[in-house]
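These numbers were taken from a predicted model, which means no experiment stands behind them. First the proteins, then the strands, lettered A, B, ... as listed; each starts at 1.
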Amino acid sequence: MSKLILIDGSSYLYRAFHALPPLSNAQGEPTGALFGVVNMLRATLKAKPEYLAFVSDAPGPTFRDELYDKYKAQRPPMPDDLRAQVDPMLAIVGALGFPILRVSGVEADDVIGTLAEQAHAQGIEVVISTGDKDLAQLVRPGVSLVNTMTNTTMDSAGVMEKFGVRPDQIIDYLTLVGDTVDNVPGVPKCGPKTAAKWLAEYGSLDGVIANADKVGGKIGESLRDALPQLPLSRQLVTIKLDVPLEQTVTDLTLRDKHVEQLRELFTRYEFKAALKDLEANDAPVGAHPVRDQTPAEHAAIPAPDRAQGALLHQGFDLSAPGSYELVTTQAQLDDWLQRLSNAELIAFDTETTSIDSMMADIVGLSLSVEPGKACYIPLTHDYPGVPAQLARDHVLAALKPIFEDPNKAKLGQHAKYDINILSHYGIALQGLKHDSMLESYVWNATATRHDMDSLARKYLGYETVKYEEVAGKGAKQISFSQVDLDTACRYAAEDADITLRLHYALWPLLQTEPTLRSVYENIEIPLVPVLAGMEQRGVLIDVNILRLQSQQLGKRMLELQQQAWKAAGHDFNLDSPKQLQAVLFDELGLPAKLKTPTGQPSTNEEALEAIADDHPLPRLILDYRGLAKLRSTYTEKLAEIVNPRTGRVHTSYHQGAVATGRVSSSDPNLQNIPVRTEEGRRIRQAFIAPEGWVVMAADYSQIELRIMAHLSGDEGLMRAFREGGDVHRATAAEVFGLKPEEVSTNQRRAAKAINFGLMYGMSAFGLARQLGVDRGEASDYMARYFARYPGVHAFMEATREQAHRDGYVETIFGRRLYLENLKARNQALRAGAERAAVNAPMQGSAADIIKRAMISVAAWLKERDDAHMLMQVHDELVFEVRKDAVEEVRAAVVARMSGAAELRVPLLVEAGVGANWDEAH
DNA sequence: GTGGGCCCGTAC
DNA sequence: GACGTACGGGCCCACG
């Protein structure tokens with residue numbers, strides 16, 4: 001398909017002007033916005049579209065000013081520094097060979113709309129490059145938006161996701177919301193959410209107007225008051241599609257560029273990279289458009305997305321509506337059992353009374369073996385007049401042999417949840433072959449959330465029935481068991497159906513990338529039952545210890561509160577940063593040395609430490625905060641969340657939450673229990689083992705640093721690990737040119753800070769702050785470090801390079817992390833993406849390794865009843881072990897963890913045992 | 001009441 | 001602007 005790229009020049013000029021620092025050339029002419037636009041254009045040229053145009057506003061009034069004299073009346077005039085860049089911009093754009101369109105009497109949007117309409121009618125794909133949300137009204141299949149500032153694209157699904165309305169509703173949406181900048185009156189008090197809600201309810205603006213008297217409350221009055229002006233607003237926000245133009249779409253090809261003019265312009269405005277490109281490649285670009293992308297350009301597209309057009313599986317359109325069967329008779333059940341026994345792959349899903357799998361009871365079950373067809377078997381729906389359902393235990397008994405057959409392949413969406421549910425009914429699911437959530441996660445962890453609604457939208461272009469639509473939300477939410485059977489069937493059977501469709505969309509993708517497929521098949525899928533087992537088991541908690549600690553903390557907090565109030569001269573809420581800020585900086589007049597990201601004077605630990613010598617209050621607050629955190633987040637929360645049935649806490653592990661491949665934990669988060677301070681560590685004393693058992697904790701020593709040694713192949717760093725000993729001390733000895741025994745505490749501390757900082761992409765500035773030395777000294781440390789460990793430096797450079805070349809970086813096992821902001825104009829965003837790129841291979845490889853270890857250890861534990869794996873804390877596994885088995889288990893765990901990867905340095909594992917988690921370290 | 005942004009702090 | 005990845009509590013405001 002041919003492609004037309006339409007560049008919204010006005011939008012880019014404004015955005016580049018505000019986003020970029022106010023650069024200027026040697027003559028003092030402003031160049032910042034120009035620079036941004038030129039770089040964007042060069043990137044556009046690299047995509048080599050057949051047709052392209054640069055569309056800009058022409059000076060003078062437009063038809064909208066005639067319609068409405070206040071239109072854009074509140075807009076400040078264009079800043080002089082920006083105005084000065086308009087003509088040079090047009091000169092460069094023209095010299096690059098872009099067709100430029102400026103049409104009087106209309107805005108750039110209208111020209112873009114008209115061209116998009118024409119191109120679309122001719123079957124030409126249209127990409128509109130803009131930062132302006134109003135253009136979303138032009139989106140439809142074959143017409144999409146791209147924002148090169150943020151590197152995001154928006155198709156129909158993207159519009160739905162962002163605005164909550166279809167592209168064809170955008171005009172009505174903008175009309176309702178209005179635009180204060182352009183002075184377009186909307187409905188006062190109606191924001192994006194309300195507009196989307198009304199449009200969902202009444203379909204269109206006309207629908208909303210017709211039903212205006214049905215809207216209650218203040219906002220209803222507001223709507224009725226605004227009715228007379230809405231038609232005008234609609235006219236103002238509607239982009240024209242029929243502007244008379246001299247050119248047609250096929251005229252809009254790239255002209256030969258004017259090398260001489262460009263050389264002059266680039267030199268004058270000091271665009272060195274552009275100039276270099278120009279000299280390197282003197283031949284006219286684009287005279288013969290090339291349609292094929294180079295491999296590097298192809299790979300640079302961050303998220304492979306095949307959701308465009310119909311996606312077929314064996315002739316079935318994966319975005320078509322499905323047909324679903326409510327199973328309430330034995331004959332129907334028998335029929336489905338027959339289908340299951342013939343099926344190659346069974347998609348299943350459970351419906352329950354709670355999202356907490358430990359608390360949930362099963363309500364029904366859905367199955368699908370063929371896309372578009374699924375059933376729902378209600379089991380325990382319970383409301384007045386509910387029709388007869390098959391008996392729960394009877395159905396589960398009939399399904400048990402299938403669920404427990406390891407040779408019958410099963411598929412789920414977030415199957416860990418359903419495995420946990422089934423386990424409550426004595427079904428130990430075997431043969432989990434696929435999980436659509438994990439397929440999506442491995443394919444591209446950051447392209448989307450991995451819940452079914454998001455996946456269906458992205459990969460199938462299909463809108464699912466939402467849980468809230470069938471069960472309500474908030475206080476009005478009802479249990480799924482009270483949902484009527486037909487509605488439940490529509491929702492639940494769809495879940496199984498869509499799971500299967502997602503698999504047929506995603507699995508072919510994974511098969512094209514053997515390393516991703518391997519991560520999925522050999523790591524993520526086998527990990528599912530392991531995590532399910534850990535959640536089910538839970539970890540035993542001594543609630544009395546926690547209660548006692550809560551009391552003690554509370555008492556000390558009260559004392560500190562009294563002292564703080566005295567120091568402040570009056571009562572205030574110590575938990576409120578806002579009130580604290582007023583007391584410290586306004587009333588007491590202490591210096592506000594740090595600011596929060598939003599510009600407020602910060603009251604964080606660093607800020608308080610900085611003024612702790614000037615007044616007693618900061619220290620009191622610091623102490624109070626430490627205790628408050630421990631009490632609210634840990635001692636009270638943990639005691640609260642202990643399951644009364646088991647006496648244990650059953651966390652949830654999330655396999656699709658972390659971009660680098662780590663698992664996360666929540667409800668409660670067991671991965672941030674304090675350990676660094678004595679005070680905090682006491683909380684770990686409440687993590688205990690049953691009578692006759694002990695807690696065993698096994699952790700990898702310096703795993704990420706070892707991975708850095710492995711990946712970089714740096715001789716010095718590898719030697720440090722091979723020799724054993726203290727790696728930070730060894731580093732300090734290298735950096736400061738000493739023998740290890742001569743290294744001072746401070747030198748070791750500096751070396752440790754560098755070792756860790758490097759893995760996070762820290763700069764000299766950051767290191768200086770961390771160490772409390774000046775920036776020059778920090779730079780000096782880093783220079784010496786890189787001189788001693790040149791392989792590390794080369795590795796980091798190579799990682800950044802790979803990220804820029806491919807758009808992603810990889811772990812040792814081939815897991816990929818795509819980086820979204822590497823090409824961002826915004827320097828901070830880009831730098832952040834580069835740091836993430838450097839960190840991801842190490843963090844991600846460590847995550848892969850411990851996942852492999854967990855699978856291996858779980859397989860070994862499977863046949864035993866004297867030890868259970870309970871927790872994973874990124875580089876640590878925690879077990880409960882029967883006392884008589886401690887040595888055997890310790891040896892096996894250490895061996896399996898150490899053997900989880902073959903690195904160029906040893907993978908050291910340390911294991912400790914104790915009566916509780918604190919003692920096990 | 002609830003949802004969400006902000007600030008802050010815990011872990012690896 | 002400056003150190004990567006998470007989760008979560010309390011405050012506070014907008015919204016219903």
[X] has an atom [atom1]; how far is it from atom [atom2] of [N], in whole Å?
{"X": "A:Y653", "N": "C:dA6", "atom1": "OH", "atom2": "P", "result": "17 Å"}
{"X": "A:L594", "N": "C:dG1", "atom1": "CG", "atom2": "C1'", "result": "14 Å"}
{"X": "A:Q872", "N": "C:dT5", "atom1": "CD", "atom2": "C1'", "result": "13 Å"}
{"X": "A:I683", "N": "C:dG8", "atom1": "CD1", "atom2": "C1'", "result": "14 Å"}
{"X": "A:L580", "N": "C:dG9", "atom1": "CG", "atom2": "P", "result": "21 Å"}
{"X": "A:N839", "N": "C:dT5", "atom1": "CG", "atom2": "P", "result": "7 Å"}
{"X": "A:I703", "N": "C:dT5", "atom1": "CD1", "atom2": "P", "result": "19 Å"}
{"X": "A:F572", "N": "C:dC12", "atom1": "CZ", "atom2": "P", "result": "12 Å"}

Worksheet item: Yes or no on side chain to side chain contact (heavy atoms under 4.5 Å, CB included) for A:R682 and A:Q552, after CA distance, side-chain angles and deciding distance?
Response: CA-CA 12 Å; A:R682 292 175 57 209; A:Q552 291 168 347; 3.1 Å; yes
Within the distance-only criterion (no hydrogens, no angle test), does the side chain of [X] pair as donor or acceptor with the backbone N or O of [Y] below 3.5 angstrom?
{"X": "A:Q655", "Y": "A:V663", "result": "no"}
{"X": "A:Y785", "Y": "A:A751", "result": "no"}
{"X": "A:Y634", "Y": "A:N672", "result": "yes"}

Worksheet item: Can you pull the salt bridge (charged side-chain N to carboxylate O under 4.0 Å, His left out) pairs that have at least one residue in residues 826-841 of chain A, sequence neighbours excluded?
Response: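 Residue pairs with at least one partner in residues 826-841 of chain A: A:R800-A:E834.
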Which part of the nucleic acid, if any, lies within contact of [X], taking any heavy atom under 4.0 Å across all strands shown: a base, the sugar-phosphate backbone alone, or nothing?
{"X": "A:A657", "answer": "sugar-phosphate"}
{"X": "A:A768", "answer": "nothing"}
{"X": "A:G766", "answer": "sugar-phosphate"}

Fill in: Upstream residue (5' side of DNA chain C) when A:D667 and A:K578 are each assigned their closest nucleotide
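Final value for this comparison: A:D667.
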Worksheet item: Which parts of nucleotides 6-12 of chain B does protein reach within less than 4.0 Å, heavy atoms only, written one letter per nucleotide 5' to 3' as B for base, S for sugar-phosphate only and - for none?
Response: SSSBBSB
Discussion item. Going by salt bridge (Lys or Arg N to Asp or Glu O under 4.0 Å), name the residues that satisfy it together with A:R816, two or more places apart in sequence or in a different chain.
Written reply: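 Expected list: A:E513.
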Worksheet item: Listed by chain and number, what are the salt bridge (Lys or Arg N to Asp or Glu O under 4.0 Å) partners of A:R775, not counting sequence neighbours?
Response: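 Not a single residue meets the salt bridge (Lys or Arg N to Asp or Glu O under 4.0 Å) criterion with A:R775.
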Worksheet item: Can you list every pair that meets ring-ring contact (aromatic ring centres under 6.0 Å, His included) and has a residue in residues 648-683 of chain A, with sequence neighbours left out?
Response: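 For residues 648-683 of chain A: none.
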Discussion item. I want to know whether A:F756 and A:H728 have ring centres closer than 6.0 Å.
Written reply: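 Yes - the distance between ring centres of A:F756 and A:H728 falls below the 6.0 Å cut-off.
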Worksheet item: DNA chain C in dot-bracket, Watson-Crick or G-U pairs under 3.5 Å, [ ] crossing, | other strand?
Response: ...||||||||||||.
Practice prompt. Could you please name the option among C:dG9, C:dG4, C:dC12 that lies closest to any side-chain atom of A:S632?
Written response: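 Closest nucleotide to the A:S632 side chain: C:dG9.
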Fill in: Selected nucleotide, minimal atom distance to A:K637 side chain, candidates C:dG9, C:dG4, C:dC12
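Within the option list, the nearest is C:dG9.
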Item to complete: I would like to know whether A:D848 and A:R852 meet salt bridge (charged side-chain N to carboxylate O under 4.0 Å, His left out); could you show each step before the answer?
Response: CA-CA 6 Å; A:D848 289 345; A:R852 285 165 55 93; over 6 Å; no
Worksheet item: Would you say a side-chain N or O of A:S576 is under 4.0 Å from OP1 or OP2 of C:dG10?
Response: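 No, no such contact exists.
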